There are 2 protein chains.
Amino acid sequence: MGVSKTELFTERQNELASIAKTLGHPARIAIIEHLISINACICNDLVNELGLAQATISQHLKELKNAGIIKGSVEGTSICYCINPEAWNKYRGLFDAFFVHLPTLKIAACSTNCGD
Amino acid sequence: MGVSKTELFTERQNELASIAKTLGHPARIAIIEHLISINACICNDLVNELGLAQATISQHLKELKNAGIIKGSVEGTSICYCINPEAWNKYRGLFDAFFVHLPTLKIAACSTNCGD
DNA sequence: TCGTTTCATTGCAATATTACGATGGTTTTT
DNA sequence: AAAAACCATCGTAATATTGCAATGAAACGA
């Protein structure tokens with residue numbers, strides 16, 4: 001039906017999936033990486049940097065803002081965006097905790113059980 | 001249009017977004033974590049473990065298999081799934097490299113520029 | 001062989017996502 | 001005040017995703 005059954009999963013699983021979903025578009029990855037490389041806040045540059053329309057960029061920025069990954073502040077006629085370090089570190093922690101699993105011992109056991 | 005303009009981004013950005021998208025559903029997170037906790041391969045258990053229909057679980061397993069995160073091998077009438085450690089480590093590396101950015105110095109600069 | 005178990009696949013309905021043109025609001029510049 | 005610059009939002013079209021019932025396909029046991 002196009003809607004996820006979030007009530008079946010833990011809050012952490014839903015949160016991890018939600019932030020992964022936010023990162024699940026190359027434009028949003030590119031926006032984040034450009035924000036980081038510029039080491040400061042951007043706005044209309046993203047429209048020129050990536051090849052997407054202004055409305056599309058604005059839409060992606062909104063999603064990133066909703067997720068908390070970035071924040072923006074008014075700066076004259078333009079809006080200055082930057083990474084939100086608190087959310088950034090929180091999400092890094094979530095992914096770290098997720099990927100830290102699967103030590104060597106488990107790898108061996110799994111390979112054995114799966115054959116192949 | 002519902003379709004991403006992948007040609008605008010680097011291969012790495014597309015790959016990172018793709019794997020993030022695969023992880024962007026709580027059922028797939030739950031499947032992965034259950035596979036890890038069982039330390040071996042599962043199949044029909046997932047239908048009982050999560051509250052989703054068999055067809056739905058099968059669909060999620062297919063996506064995880066397409067991404068390479070898991071692999072399955074026939075085991076009698078059932079199919080044994082497990083984490084694919086090579087892909088796992090590769091994706092962990094991608095996320096690590098992504099999140100490793102934003103050292104303390106940049107945090108300070110960004111906060112200053114953004115006001116707030 | 002026949003039924004059972006276990007999955008994958010198909011077909012469908014409901015909803016979500018992606019992209020963009022057009023429009024409007026806010027702030028600066030002239 | 002008028003024009004310009006910048007951005008968010010609305011509306012729309014095309015496509016993707018989610019979930020499930022129903023149906024097949026493959027392997028096992030009686």
Side-chain angles (χ1 to χ4, degrees), chain A residues 1-9 13-14 17-31 34-35 41-67 70-82 114-115, chain B residues 1-9 13-14 17-31 34-35 41-67 70-82 114-115:
Chain A
M1 318 182 174
V3 62
S4 302
K5 292 194 151 185
T6 56
E7 72 275 8
L8 297 177
F9 314 103
Q13 286 172 333
N14 282 317
S18 175
I19 181 59
K21 193 175 184 180
T22 301
L23 297 179
H25 193 291
R28 294 193 284 270
I29 296 287
I31 287 174
H34 194 247
L35 282 183
C41 310
I42 309 284
C43 49
N44 200 13
D45 295 350
L46 290 165
V47 178
N48 303 319
E49 188 70 16
L50 321 179
L52 291 169
Q54 184 264 323
T56 308
I57 297 289
S58 192
Q59 203 171 358
H60 284 305
L61 286 171
K62 186 181 180 184
E63 271 188 72
L64 291 169
K65 217 168 22 174
N66 284 343
I70 68 174
K71 53 184 179 179
S73 58
V74 181
E75 193 101 353
T77 95
S78 61
I79 292 192
C80 178
Y81 283 105
C82 64
C114 272
Chain B
M1 318 178 176
V3 62
S4 302
K5 291 194 152 185
T6 57
E7 72 275 10
L8 296 176
F9 313 103
Q13 287 172 331
N14 282 317
S18 175
I19 181 60
K21 193 175 184 180
T22 301
L23 297 179
H25 193 291
R28 294 194 283 271
I29 296 285
I31 287 174
H34 195 247
L35 282 183
C41 309
I42 308 284
C43 50
N44 199 13
D45 295 351
L46 291 165
V47 178
N48 303 320
E49 189 70 16
L50 322 178
L52 292 168
Q54 185 265 321
T56 307
I57 296 288
S58 191
Q59 202 172 359
H60 285 306
L61 286 171
K62 187 181 180 182
E63 271 188 73
L64 291 169
K65 217 168 22 173
N66 284 343
I70 67 174
K71 53 184 179 181
S73 58
V74 181
E75 194 101 352
T77 94
S78 62
I79 292 192
C80 178
Y81 283 105
C82 63
C114 271

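Per chain, numbering begins at 1; letters A, B, ... match sequence-line order. Source: prediction; values computed, not measured.
- Comparing B:Val3 and A:Val3 against DNA chain C, the residue whose closest nucleotide sits nearer the 5' end is A:Val3.
- Atom CG in A:Leu46 sits about 15 Å away from atom C1' in D:dA8, given to the nearest Å.
- For the pair A:Lys21 and D:dT17, the criterion of a side-chain N or O lying under 4.0 Å from OP1 or OP2 is not met.
- Sequence order on DNA chain D of the closest nucleotides to A:Gln54 and B:Gly76 puts A:Gln54 first from the 5' end.
- Atoms NZ and CG, from B:Lys5 and B:Asn14 in turn, are 13.5 Å apart once rounded to the nearest 0.5 Å.
- Between B:Tyr81 and the phosphate of C:dA8, there is a side-chain N or O to OP1/OP2 separation shorter than 4.0 Å.
- Separating the CG atom in A:Asn48 from the CG atom in A:Leu52 is a distance of 11.5 Å, to the nearest 0.5 Å.
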Enumerate all atom pairs, one protein N or O and one N or O from nucleotides 3-6 of chain D, separated by less than 3.5 Å.
{"from": "D:dC6", "atom 1": "O4'", "to": "A:Thr77", "atom 2": "OG1", "distance (Å)": "3.3"}

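- If you take CD1 on B:Ile29 and CG on B:Leu23, they are separated by 5.0 Å, rounding to the nearest 0.5 Å.
- One finds a side-chain N or O of A:Lys5 lying less than 4.0 angstrom from the OP1 or OP2 phosphate oxygen of D:dC20.
- Summarising the geometry, the separation between CD1 on A:Ile57 and P on C:dA19 is reported as 9 Å, rounded to the nearest angstrom.
- Taking only side-chain atoms of A:Ala55, from C-beta outward, the nucleotide of C:dC7, D:dA8, C:dC20 with the closest atom is C:dC20.
- Rounding to whole angstrom units, NE2 of residue B:His25 and P of C:dT15 are separated by 15 Å.
- Taking every heavy atom of residues 58-66 of chain B and every atom of DNA chain D, pairs under 4.0 Å involve B:Gln59, B:His60, B:Glu63, by number.
- Between the NZ atom of A:Lys71 and the SG atom of A:Cys80 there is a distance of 10.0 Å, given to the nearest 0.5 Å.
- In terms of the salt bridge (Lys or Arg N to Asp or Glu O under 4.0 Å) criterion, residue partners of B:Glu63 (sequence neighbours excluded) are, by chain and number, B:Arg28.
- Considering only heavy atoms from C-beta on, B:Tyr81 comes within 4.5 Å of B:Leu61 through its side chain.
- Ring pair B:His60/B:His25 is tilted by interplanar angle, where 30° to 60° counts as tilted.
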